[in-house]
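For reference, the structure discussed in these notes is given below.
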2 protein chains.
Amino acid sequence: MKQKCYTYFMKQGEKTKQHILEQSNVLFYINGYSSTSFTDIMEATGLSKGNITYHFKNKQAILEGIIAQRLREAECFFKIWEEKSQNPKERLAFFCDMILSEQENIEAYGCPMGTLTAEFSKNEPTLYTITLPLFQSYRAWLAKQFSLLGANNADADTQAMSLLGRVQGVAMVAHSFKDRYFLVNEIEKIKEELTK
Amino acid sequence: MKQKCYTYFMKQGEKTKQHILEQSNVLFYINGYSSTSFTDIMEATGLSKGNITYHFKNKQAILEGIIAQRLREAECFFKIWEEKSQNPKERLAFFCDMILSEQENIEAYGCPMGTLTAEFSKNEPTLYTITLPLFQSYRAWLAKQFSLLGANNADADTQAMSLLGRVQGVAMVAHSFKDRYFLVNEIEKIKEELTK
DNA sequence: GTCTATAAGAAGATAGAC
DNA sequence: GTCTATCTTCTTATAGAC
């Protein structure tokens, strides 16, 4: 197990738990949730099945842990963006920049949030319920920025949905056609439209 | 087995084959490809596993049959739209109308083409190769319309990708948030932008 | 062309030793 | 906390009767 700097003060059990979450998060992103088996997680973590089961009852519990962590990360992003600028337009630009910084991964594996949500939207109501809050937190934050720009609540939400949709579409098409160039150009265009 | 009018002149073997394709197509759409088992197809068709295997070597062969059929259907749409109007803008509006007519299904199960493509884009290179041509055929047809509107080849293709992206994004978000109202409004907006 | 039956593998879940 | 071993279920693949 590689030692991470922020795990120095964790108890052994917490370290292992964190290690499982991190490796699973990567596997779920790269291969998808349902395509990732317990054996895959065993191999990636170097731990036994029994040990993983000790920390997480089942695969769903791992997913829950991952989403909880991603939600905290998202809140962290929002906080940073809000502190970096008082101007909502600039904050929306930061959101676009995050996508641009992930261009390689998005080309290869799609949007980390979108592909996971899409995997559960059809016929996995339980997993869908676990994942949706992450999507909703972005929706709410984006809507907040549009509110600050003067839109009423309903309009702000629609604009947030619309932006989410555009970004998801660009990510989906760039992923399907393996075209990073398209992703960058479209996101730059969206960024311009938002900030003008 | 329900008798379909266009199967009257088919041999029994062809009828069965067609029946398997149709039922599997619905299952793959509603539940996804990997979530659909042979048992599901058995139940939906009312046929035995041995019989299905007789007509299609495996699940992948069924998928190939479905994509081939969907490609023919797409070509059929293109032909109709081109015959209905000489104006590329109107043709693009027909494309949008098709999406609007599928609003209920898209809200419930996502875009039939997009969700299938997305399922294979991550780590299913073989199935990805089978599905992509369908996506490409829409890309090519849309690009053709933008060409007719005066764009050079590169621009026309980019505009086609851009439109595909917007539509996929709207479908994805409408599906994730189960919001048909959003889908209709966004597609209407896109339609207006295209035809103005 | 259609069926039943079975084999062989992979997955997740569980039990118990250290 | 961590491991090995087993159990059950699900899924695909195959063999052979009618």
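Just so it is clear: chains get the letters A, B, ... in the order the sequence lines come, proteins before strands, and each one is counted from 1.
In this entry the distance linking CZ of A/F38 with P of D/dT6 reads 20 Å, nearest Å. Atom NZ of B/K57 is separated from atom C1' of C/dG1 by 20 Å (rounded to the nearest Å). Atom-to-atom, CE of B/M42 to C1' of D/dC10 comes out at 13 Å; the value is rounded to the nearest Å. Distance CZ (A/F56) to P (C/dT14): 17 Å, rounded to an integer number of Å. Rounded to whole Å, atom P of D/dT11 lies 14 Å from atom OH of B/Y33. Atoms NE2 (B/H55) and P (C/dG1) sit 6 Å apart, rounded to a whole Å. Distance A/K17 NZ to D/dG1 P: 10 Å, rounded to the nearest Å. Between the NZ atom of B/K49 and the P atom of D/dA15 there is a distance of 15 Å, rounded to whole Å.
The aromatic rings of A/F95 and A/W141 lie tilted to each other, with the angle between the two planes from 30° to 60°.
Between A/Q12 and D/dT2, a side-chain N or O to OP1/OP2 separation shorter than 4.0 Å is present. Within the structure, every side-chain polar atom (N or O) of A/T39 is placed at least 4.0 Å from both OP1 and OP2 of C/dA10. The shortest distance between the side-chain N/O atoms of B/T53 and the OP1/OP2 oxygens of D/dT12 is not below 4.0 Å. Phosphate contact (OP1/OP2 of C/dG1, side-chain N/O of B/N51, threshold under 4.0 Å): absent.
In this structure, OG1 in B/T195 is found 9.0 Å from CG in B/L92, a value given to the nearest 0.5 Å.
The residue from A/F135, A/Y128, A/Y33 that alone fulfils the ring pair (Phe, Tyr, Trp, His ring centres under 6.0 Å) condition with A/F120 is A/Y33.
When the shell of 6.0 Å around CG of B/N152 is examined, it contains more than 12 heavy atoms from other residues, nucleotides or ligands. For CD of B/E73, the number of neighbouring non-hydrogen atoms (other residues, nucleotides, ligands) closer than 6.0 Å is greater than 12.
When heavy atoms are screened at a 4.0 angstrom cut-off, B/K59 is found touching the sugar-phosphate backbone but no base atom. Within the 4.0 angstrom heavy-atom criterion, no nucleotide atom of any strand lies near A/S34. Note on B/Y54: a base of the nucleic acid sits closer than 4.0 angstrom, heavy atoms only. Counting non-hydrogen atoms under 4.0 angstrom, A/S48 reaches a base of the nucleic acid.
Along DNA chain C, the nucleotide nearest B/I52 and the nucleotide nearest A/N58 are compared for position; the residue whose nucleotide lies closer to the 5' end is B/I52.
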